[in-house]
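A short worksheet on the structure shown next.
Side chains are part of it too, since the values below use all heavy atoms of this structure and drop only hydrogens, waters and symmetry mates.
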Amino acid sequence: METSLARDLMSDEEWAFHERFILAVRAPNGRKPANHRLVLDGIFWIARTGSPWRDLPEEFGKWSSVYRQFRRWTLAGLWEQILEALNESRIVPDALQMIDSTVIRAHHQAAGGKRGTPRQGFGRSRGGFTTKVHLRVNAAGLPMRSDITPGQTSDYLGFDLVMDDNLPEPCILLADRGYDSAKVRKTMEARSILPVVPMRKSRRLRVAVDRRLYRLRNLVERRFNKLKNARRVATRYDKTAESFLGFIDITSIRLWLRHLST
């Protein structure tokens with residue numbers, strides 16, 4: 001158990017990075033704050049192992065307290081603020097960007113959240129409930145933005161969700177032919193973005209694609225593999241869209257920090 005716990009403990013440098021954001025979102029009054037470093041380590045343990053909250057080792061504190069703090073930070077937008085700061089830093093090249101999506105199977109206990117399954121990002125398929133994760137990454141393959149929709153949703157909708165214009169704009173955007181539509185191409189043209197997107201076979205008017213450049217799209221596929229090393233992302237256990245997106249963002253942030261540390 002000690003080895004398993006050690007894998008999730010933050011270094012002093014990683015904690016110093018997170019602490020600034022945590023102090024910024026903490027309520028100015030109320031009860032004395034808990035050991036936020038230990039709480040965050042507990043959240044990281046849940047993200048990696050995919051374990052139920054009640055199985056959180058006692059070393060991290062009371063599971064219900066860690067869960068409540070996770071929800072507070074998630075609803076306060078902490079994870080989005082950290083990702084936004086990383087993107088705005090422009091530390092990593094972002095003139096070349098990629099988008100893609102993947103379908104995540106949901107555990108049967110994840111359904112049943114308030115406001116209905118579609119609003120929480122659940123879709124029905126033969127195998128049960130599924131959620132589609134849409135991801136936008138930079139030239140290093142690091143996540144810039146993610147969002148979720150029901151599993152059967154087309155990639156067109158995902159394009160609109162992750163390509164909001166408050167992030168650094170790409171010069172070139174790589175995507176597979178699932179994003180080949182007149183609307184998507186017009187949107188990119190209006191924003192002076194060069195699309196490197198293969199055309200559907202049904203299209204009469206063909207546009208050539210730089211295949212050497214397009215091969216770089218494997219970076220976003222490899223990033224999905226890295227994200228799915230976190231079992232809380234590889235399988236959806238969360239009833240609410242906020243919590244599931246929170247774990248995706250948490251895993252994305254740790255990938256950023258590991259990349260920057262090397």
Side-chain angles (χ1 to χ4, degrees), residues 79-80 82-104 121 123 125 130-228 233 241 244-245 248-249 251-253 255-256 259-260:
W79 322 120
E80 292 95 330
I82 295 175
L83 273 177
E84 184 176 346
L86 288 168
N87 282 305
E88 290 179 351
S89 69
R90 312 300 288 266
I91 297 174
V92 177
D94 50 31
L96 175 69
Q97 297 178 19
M98 290 143 269
I99 56 174
D100 203 356
S101 66
T102 188
V103 174
I104 301 293
S125 64
T130 56
T131 295
K132 181 174 282 190
V133 178
H134 305 271
L135 185 65
R136 175 179 174 184
V137 305
N138 57 29
L142 294 172
M144 299 180 68
R145 169 163 293 160
S146 59
D147 214 319
I148 62 172
T149 59
Q152 73 278 5
T153 307
S154 72
D155 288 337
Y156 302 150
L157 177 58
F159 175 87
D160 294 332
L161 292 174
V162 299
M163 289 301 295
D164 289 345
D165 57 5
N166 63 335
L167 287 175
E169 198 81 310
C171 297
I172 301 172
L173 185 70
L174 310 183
D176 64 25
R177 59 169 45 91
Y179 296 89
D180 176 35
S181 73
K183 179 182 176 182
V184 169
R185 290 182 182 274
K186 286 181 179 179
T187 299
M188 287 192 276
E189 181 181 353
R191 292 164 62 173
S192 300
I193 302 172
L194 174 65
V196 180
V197 183
M199 305 199 75
R200 296 178 183 272
K201 295 180 180 179
S202 58
R203 279 189 177 262
R204 294 182 179 179
L205 182 62
R206 313 300 296 178
V207 177
V209 171
D210 186 332
R211 290 292 173 180
R212 290 178 299 176
L213 192 59
Y214 182 72
R215 278 198 290 269
L216 295 175
R217 199 185 65 82
N218 74 88
L219 287 171
V220 66
E221 296 172 346
R222 286 156 52 190
R223 191 55 55 190
F224 272 126
N225 288 335
K226 291 289 187 181
L227 287 172
K228 290 179 182 180
V233 175
F244 183 54
L245 269 171
I248 296 173
D249 288 343
T251 307
S252 299
I253 292 165
L255 291 173
W256 266 88
H259 176 83
L260 296 178

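Using a distance-only test at 3.5 Å, with no hydrogens or angles considered, no donor-acceptor pair links the side chain of Asp147 to the main chain of His134. With hydrogens and angles disregarded, no donor-acceptor distance shorter than 3.5 Å links the side chain of Thr149 to the backbone of Gly121. The backbone N or O of Leu83 sits nowhere less than 3.5 Å from a side-chain atom of Trp256 that would complete a donor-acceptor pair. Using a distance-only test at 3.5 Å, with no hydrogens or angles considered, no donor-acceptor pair links the side chain of Asp155 to the main chain of Gly158.
Using a 4.5 Å cut-off on side-chain heavy atoms (C-beta onward), Met163 and Ile193 make contact. Between Leu135 and Pro143 there is a side-chain heavy-atom pair separated by less than 4.5 Å. Under the 4.5 Å side-chain criterion, counting only non-hydrogen atoms from C-beta, Glu169 is not in contact with Gln97. Residues Leu142 and Val137 fail the side-chain proximity criterion, which asks for heavy atoms closer than 4.5 Å. Trp79 is not listed as a side-chain neighbour of Ile248, based on a closest heavy-atom distance of 4.5 Å or more. Residues Ile99 and Val220 form no side-chain contact, since every pair of their non-hydrogen atoms from C-beta on lies 4.5 Å or further apart. The side-chain heavy atoms of Tyr179 and Ser154, taken from C-beta on, include no pair separated by under 4.5 Å. Taking 4.5 Å as the limit, some side-chain heavy atom of Ile91 sits within range of a side-chain heavy atom of Leu260.
Between the side chains of Lys228 and Thr102, at least one donor N or O sits under 3.5 Å from an acceptor N or O. Side chains of Arg211 and Tyr214: a donor-acceptor N/O pair is absent below 3.5 angstrom, by distance only.
Remark: Glu88 pairs with Glu84 by the side-chain contact (heavy atoms from CB on, under 4.5 Å) rule, at least two apart or across chains. For the side-chain hydrogen bond (donor to acceptor under 3.5 Å, both in side chains) test, residues two or more places apart in sequence or in another chain that qualify with Ser146 are Asp249. Scanning for side-chain contact (heavy atoms from CB on, under 4.5 Å) contacts around Arg185 gives Asp180, Pro195, Val197, Met199, with sequence neighbours left out. With sequence neighbours left out, the side-chain contact (heavy atoms from CB on, under 4.5 Å) criterion links Lys226 to Arg223, Asn229, Leu255. Taking Asp164 as the reference, Arg145 meet the side-chain hydrogen bond (donor to acceptor under 3.5 Å, both in side chains) condition, with sequence neighbours excluded. Annotation: side-chain hydrogen bond (donor to acceptor under 3.5 Å, both in side chains) contacts of Arg215 (sequence neighbours excluded): none.
Contact detail for Pro198 and Ala175: the closest heavy-atom pair is CD-O, 3.3 Å. Of all heavy-atom pairs between Lys132 and Thr153, the closest is NZ-O, 2.7 Å.
A salt bridge does not link Asp100 with Arg136: every distance from a Lys NZ or Arg NE/NH1/NH2 to an Asp or Glu carboxylate oxygen is 4.0 Å or more.
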Check against side-chain contact (heavy atoms from CB on, under 4.5 Å), Leu173 and Leu194: CA-CA 6 Å; Leu173 185 70; Leu194 174 65; over 6 Å; no
